[in-house]
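Below you'll find the structure, written out as structure tokens, and then a few comments.
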Amino acid sequence: MTQDVISGGQSIHAPDNLKTLLQTILQQALTVNDGKVADYIPALAEVKSDYCALTVATLDGQVTSVGDATATFSIQSISKIFGLMLAMERMSDSLWERVQMEPSGQPFNSIVQLEWERGIPRNPMINAGAILVSDVLVSHYSASKSAVLSMVRGLCNRDTVCVDSRVHESEKDHGARNAALAYLMKSFGNIESDVEEVLDHYFWQCALTMSTEDLARSFAFLANRGKCPRSGNQITSHRDAQRINALLSTSGMYDQSGQFAFTVGLPAKSGVGGGIVAIVPDYGVIAAWSPPLNSFGNSARGMAMIRNLANQLGLSVY
Ligand code: DON
């Protein structure tokens, strides 16, 4: 038995027994063995590679999970969405004078394009763009970390969400490439605050730890025109939710965004902790976690799980 749900003008066949489907998909994903746990941040290299979780949170409030869905992990680049939300609210359209909205086609930590384009990052989802966003937050909030943390706790309705200080420190100690991006932008006049303070905010934000259930709940507003389905609060305007989803569609999976759009067809964001969130407009959020990464820095099993689920339920927005 399936139930028809209208998403983005298309019909989704939501199965009655979603849990059984998720279980099958997770078991299939466990046969994927071609990834490698991130080791360029030493604290991330210590995470066990066999964690695996899949959660679907639908707009009617149901949260269905399989695997390690309540275990918390370093969300890394998924945090770029949280930072961007606050920066968009604070800066409105002037933000787009300092960061573009174009796919980069380059690895997430690439430096070359930033030099050619005179310190203006291609988009807020690559590292340079998220560091620029961190500068906006540090420059415009008296306590930028508290602003992010209280927003995140409210979105997932869990007051104990926190930052893993070991991951934060570990990345600070091995963040030379991100420091290079930040100083290059500073040299072009596109960073206002002290670079070390900006980098500290960026690394801190990447070290937020959450579960797939937390993530799926947090981003439900993006599937619901900016409104949190649980609280009824308008988190962003409908227009900003559309814009964030557009950026996730074109840039959220880095230089694999085109392939993700082609094979899955959902706005999505990954992190090198192995998490991925995918937004299904008017339906809900899928969150997956498995630490081993493919060569683009995206979770190999997470990609397989989301692709499989999206294809079976007909979730593509295209
Ligand atoms: O800046 C870094 O390298 C990490 N803190 C975040 C990178 C990341 O998650 C890229 N994701 N796939």
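When a ligand or atom number is given, it counts from 1 through the structure's own listing order.
Contact check on R158 versus E213 returns no salt bridge, with no Lys/Arg side-chain nitrogen under 4.0 Å from an Asp/Glu carboxylate oxygen. A salt bridge links E192 with R98; the closest basic N to acidic carboxylate O contact falls under 4.0 Å. Between D282 and K227 there is no salt bridge, since no side-chain nitrogen of the basic residue lies less than 4.0 Å from a carboxylate oxygen of the acidic one.
At least one test fails for K186 against the ring of Y183: distance under 6.0 Å to the centre or angle within 45° of the axis.
No hydrogens or angles considered: nothing links the side chains of N127 and N109 as a donor-acceptor pair under 3.5 Å. Of the N and O atoms on the side chains of N33 and R301, at least one donor lies less than 3.5 Å from an acceptor on the other residue.
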Any protein N/O atoms within less than 3.5 Å of an N/O atom in ligand 1? List the atom names and distances, or say none.
residue	atom	partner	partner atom	Å
ligand 1	1 (O)	N127	ND2	3.0
ligand 1	1 (O)	E171	OE2	3.1
ligand 1	1 (O)	N178	ND2	2.9
ligand 1	1 (O)	Y202	OH	2.6
ligand 1	3 (O)	Y40	OH	2.5
ligand 1	3 (O)	N127	ND2	3.3
ligand 1	5 (N)	Q76	OE1	2.6
ligand 1	5 (N)	E171	OE1	2.9
ligand 1	5 (N)	E171	OE2	2.5
ligand 1	9 (O)	S77	N	3.1
ligand 1	9 (O)	S77	OG	2.6
ligand 1	9 (O)	V272	N	2.9
ligand 1	11 (N)	Y254	OH	3.1
ligand 1	11 (N)	V272	N	3.4
ligand 1	12 (N)	G297	O	3.1

